[in-house]
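Below, read A as the first sequence line, B as the second, and so on, with proteins coming before strands; counting in each chain starts at 1.
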Amino acid sequence: MKRVITGNYAAAYGAYLTRVDFVAAYPITPQTLIVEHISEFVNDGLLDAEYMRVESEHSAMSACVAASATGARTYTATASQGLALMHEVLFIPPVLHLPIVMPVVNRTVAAPIGIWCEQNDTMPQRDTGWLQVYCEDNQEVVDMVIQSCMIGEHKKVLLPSMVMLDAFILSHTVEPVDFPEIEEVDKFLPKYKPEHAYLDPKRPMVLGSFTPPEYIQEARYQTEESMNNARKVITDVTKEFGKTFGRDYGGLIEKYRCEDAEVILITTGTVTSTARLVVDQYRDKGKKVGLIKLRFFRPFPLQEIKELGEQVEAVGVYDRSMSFGTAGPTYIETRYALYGYSIPILNFLAGLGGRDVTIKDISFMFDRLLEAKKGKIKNEIVWIGTRGVEP
Amino acid sequence: MKIKDLSLEELFTSGHTACPGCGGAIVARIAMKVFGKNTCAYFPANCLLVFGGTYPYNAFKVPYLHVLFENSAVCAAGISRALKKLGRDAKTVAFAGDGGTADIGMQSLSGAAERNEDIIYICYDNEAYMNTGIQRSGSTPFGAWTTTTPVGKKIAGKEVFKKDVPRIMMAHDVPYVATASIGYPNDFLNKLEKARDMKGFRYLHVFAPCPTGWRYDPAKTVEIGKLAVECGMWTLYECENGVFRITKKPKLSPVTDYIKLQGRFRHMTEEQVDTLQGWVTEKWEKISGETKG
């Protein structure tokens, strides 16, 4: 069923298609429409879920942890300050192995206060143990809500998922989206029946007990093990989803015109779409450029990125947030993945606070990469379009 | 229900590591006997979580969850909603201390009360942050020594009064709010039983003396639990579907009878004692006025 809808509607419709048992809801711009749409689904009797309209995001995530620990398929959505307020709670579900699904609309975190796109809300959560996938369009948003249930609930994974969409660029922009029928999703995605963790007086268990040093390190290791297991599960689920619904996203990354590419740009989110266009233009001019759409940031596609080191002569990394005192988060991790290769790796910072990232900006990135290929430029951090700063 | 009618089975078993004379442990033991096996519990970061079971040990025979400190009410609500959705018929109860209730947990508590979540929330009030080592909370009484209201040369003890959390909860118009003291177990039992058999949001605020933090002989926990009520420092009442009722009329004996047994009040000047006595008298006039009204 094709419909023209916003990214927020796609995220909300994902909750319906996956028949979530429990939703915690709290409004925040630009996420608000997600919980509004779910309220409509619940009040119209379309979605049979317990719907808790909580008094803060801290409580939203707390309620989700408790509901998921009781055995319910659980969903919430947030953005920006809301995610920051949740931060304390985010550490709990990866260790209790609770596969909560949470769309996050990437919005700048204050100060200064703004409501537009930046990844400085989700990137600081990268060490909490959540799977993180960054979406390029509204179709991918609904598809990834469905796939995140499948991936997160897999016995070898059992981790929560954040599904990212760019503020306004996706959240409030309509695009044609092909919604699968709910019956098809039912066949693809089995009901959530946890065996490892659920509160039931018939089978009493303790979840989250006070734990001495003798046992905590093992818990950490298990979360890391789940993360590593997720790599294969993500690839398998993407393939399976592709076979069933006709859309295969390629796994942790998607390559665009990378065959014989000499320089490659790595992007996340909607900037990828603009970058595709620029790649086409450069290819038309005979320039061997390629694009990597980094879909999953957690687990980070270490192997996939490492393989680039063998092939290309320069790598550019686009970041929409800064880890102050170092570089953009994606850049830091890419340098780690490419350790040992002497190719130049450049970091491009643009679009922070929600400024548009244009064809001109991305052309600038590729031009700089083609220069770097000649060996003139070593590793560097480039701030694009910043007043008073020469890029 | 009388004490002699209580089940002999312990759902909060011996072997836990609470201090001798712990009022909080008495609250948990009696409450679990009344609620029974078909219960899911939530504990925030508090003494009860630690002495109730440090991994891999556990003193509770019912399932329980711990998430964080300030979210007991909403976590209990999350459990309760999920149980409902999954068709499992069980009660949900949260046991939080006064810091986790009167201070850091207030937002989540107020939200859950407003939504009339189907949970029982028990605040065991030992009038300070005992798990972290006796720091003042909003529930610490006027004059009391704690490690953050030390007896100094310039200032001695807490300078402001105890926050009245049960009244805040009554203002939410929830089905049931009650106060209790471990010094009056029969009164406590009746309230637990009522809370157990009702639906919707039920709040019990239980006075739970702490010998470690209050500096008294651990053998006197129950006596202190009684004296607090007799002198009017703590009042036993309930508010059932909006009907307010005092369940134990105090003798209104002088507060000195109560405070003289506790090291935390030892430094208090005559003026401070008068201030505390004035607070008690005023509080009682307000409460008794409400019952007449």
Most contacts with chain B, counted as non-hydrogen pairs under 4.5 angstrom, among A:Glu50, A:Lys202, A:Glu214, A:Met205: A:Glu50
Distance in Å, B:Asp164 CG paired with B:Thr179 OG1, rounded so as to fall on 0.5 Å steps: 9.5 Å
Region of B:Thr54 that comes under 4.5 Å of a non-hydrogen atom in chain A: both
NZ/NE/NH1/NH2 to OD/OE distance under 4.0 Å, A:Asp48 and A:Arg19: no
Reported CZ-to-CD distance for the pair A:Phe188 and A:Glu183, which is rounded to 0.5 angstrom: 16.0 Å
Parallel, tilted or perpendicular, as decided by the 30° and 60° cut-offs, for the rings of B:Tyr55 and A:Tyr215: perpendicular
Interatomic spacing from CD1 in B:Ile122 to CG in B:Leu204 - rounded to 0.5 Å: 5.5 Å
Residues in residues 72-87 of chain B that sit under 4.5 Å from chain A, counting heavy atoms only: B:Val74, B:Cys75, B:Ala77, B:Gly78, B:Ile79, B:Arg81, B:Ala82, B:Leu83, B:Lys84, B:Lys85, B:Leu86
Contacts with chain B made by residues 58-79 of chain A (heavy-atom distance under 4.5 Å), listed by residue number: A:His58, A:Ser59, A:Ser62, A:Ala63, A:Val65, A:Ala66, A:Ala67, A:Ala69, A:Thr70, A:Gly71, A:Ala72
Close aromatic pair by centroid cut-off 6.0 Å: A:Phe179 and A:Tyr13: yes
Residues of residues 4-29 of chain B within contact distance of chain A, non-hydrogen under 4.5 Å: none
Enclosure of A:Gln217 CD (heavy-atom neighbours >12, cutoff 6.0 Å): no
B:Lys91 side chain vs B:Phe35 backbone, donor-acceptor pair below 3.5 Å: yes
Side-chain donor/acceptor of A:Tyr51 to backbone N/O of A:Val35, under 3.5 Å: yes
Short N-O contact, B:Asp125 and B:Lys162, less than 4.0 angstrom: yes
Identified side chain to side chain contact (heavy atoms under 4.5 Å, CB included) partner of B:Tyr129 from the options B:Asp103, B:Ile134, B:Thr147, B:Thr140: B:Asp103
Parallel, tilted or perpendicular: ring planes of A:His87 versus A:Phe91, cut at 30 and 60 degrees: perpendicular
Interface residues of residues 189-199 of chain A facing chain B - heavy atom cut-off under 4.5 Å: A:Tyr198, A:Leu199
Under 3.5 Å: donor-acceptor pair, side chain of B:Trp214, backbone of B:Asn126: yes
Per-residue contact mode, B:Asn38 against chain A (heavy atom under 4.5 angstrom): both
Inter-residue atom distance B:His66.NE2 - B:Asn46.CG, 0.5 Å rounding: 9.0 Å
Options A:Pro201, A:Ala49, A:Ser56, A:Gly208, ranked by heavy-atom pairs under 4.5 Å with chain B, top entry: A:Pro201
Ion pair B:Glu238/B:Lys191, N-O distance below 4.0 Å: no
Parallel, tilted or perpendicular: ring planes of B:Phe60 versus B:Phe43, cut at 30 and 60 degrees: tilted
Pair B:Phe69 and B:Tyr42, ring centroids less than 6.0 Å apart: no
Main-chain N/O of B:Gln135 paired with B:Thr146 side-chain donor or acceptor, under 3.5 Å: no
Under 4.5 Å from any heavy atom of chain A - which part of B:Glu70: side chain
Main-chain N/O of B:Ala195 paired with B:Arg202 side-chain donor or acceptor, under 3.5 Å: yes
Region of B:Val67 that comes under 4.5 Å of a non-hydrogen atom in chain A: both
